[in-house]
Amino acid sequence: MPISAAFIMLSAMRDIKKIPVFSTLGEDDIKDLKDYFTAEEYRKKDSIFAEGDASDWLYGVLEGKVKITKLSAEGKEIILEVISPGDVFGAIAVMRGFPYPANAVAMEDTRLLKISRNNFLKILDGYPSVMYCMMQNIGDRMKGSHESLKNIALEKVSSRIAALLLKLAEKSGRETPEGTVIDFRLTKQDIADMVGTTVETSIRTMSQFKKNGIVAEEEGQIVIKDPEKLRALAY
């Protein structure tokens, strides 16, 4: 095999292995299936798909972050979920064949792995282990969505923001001597959109957290300095 072709194959195999729902595929399986997958790059704020688009592709995040959003009746953007490297999105719509129920937008420069609906259904049919992993992924995501909705309905704003920061730190945290860094830029507007409040309330709450030494900000990233106090606020 020519060196360039071998490099392309190895690169494709590495990309597929980065997405945990496909991690049960063996090396020979991936070699057979690699042509099903395509890597694409998106710039910050690029639209990946819009609510109502045909669900032609399943996506996995290789690098960067993607936000899943909907617009309220007043036209306000609500962030339903932040998708991090290793996660897939669009799965339920793809598997059921209905249009995407929300929007997907790159939060930063992002690299995605995508697979067409037809090819993804072929993999699910031929590899039950992938189906099992996908069902686990969907179940975990639905549980997270249920908890988020419960928090919005029942908890005060400070508790909702504290729970959000803990969730993001668990998913995208990076340990440093100063604390746990949420490893992407998160604006006060993003926080407000994710917990269902106003940006003014988000600013006031985060300022109070900083004043109490619970969090700090470094180069636009949030640092959790006292996770125990944050947990006490969240639960």
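Computed from a predicted structure; not experimentally measured. For the single chain, residues carry numbers from 1 onward in sequence order.
With respect to the salt-bridge test (charged N to carboxylate O, under 4.0 angstrom), the residues R185 and E108 do not qualify. A salt bridge between R231 and E228 is present, with a side-chain N of the basic residue lying under 4.0 Å from a carboxylate O of the acidic one.
Not counting sequence neighbours, F209 has no partner by the ring-ring contact (aromatic ring centres under 6.0 Å, His included) test. In terms of the side chain to side chain donor-acceptor pair (under 3.5 Å) criterion, residue partners of E77 (sequence neighbours excluded) are, by chain and number, K67. Applying the side chain to side chain contact (heavy atoms under 4.5 Å, CB included) criterion to K44, with sequence neighbours excluded, gives D109.
You'll find the side chain of V61 reaches within 4.5 Å of the side chain of F89, heavy atoms only. Considering only heavy atoms from C-beta on, I78 stays 4.5 Å or farther from D193 through its side chain. In this structure, V82 and M194 have side chains that are in contact, with non-hydrogen atoms separated by less than 4.5 Å. Side-chain atoms of F37 and D15, non-hydrogen and from C-beta on, never get closer than 4.5 Å to each other. Using a 4.5 Å cut-off on side-chain heavy atoms (C-beta onward), I222 and I191 make contact.
Judged by distance alone, with hydrogens and angles left aside, the side-chain atoms of S55 form a donor-acceptor pair with the main-chain N or O of F98 at under 3.5 Å. Although no hydrogens or angles enter the test, the distance criterion places no donor-acceptor pair under 3.5 Å between the side chain of K229 and the main chain of V215.
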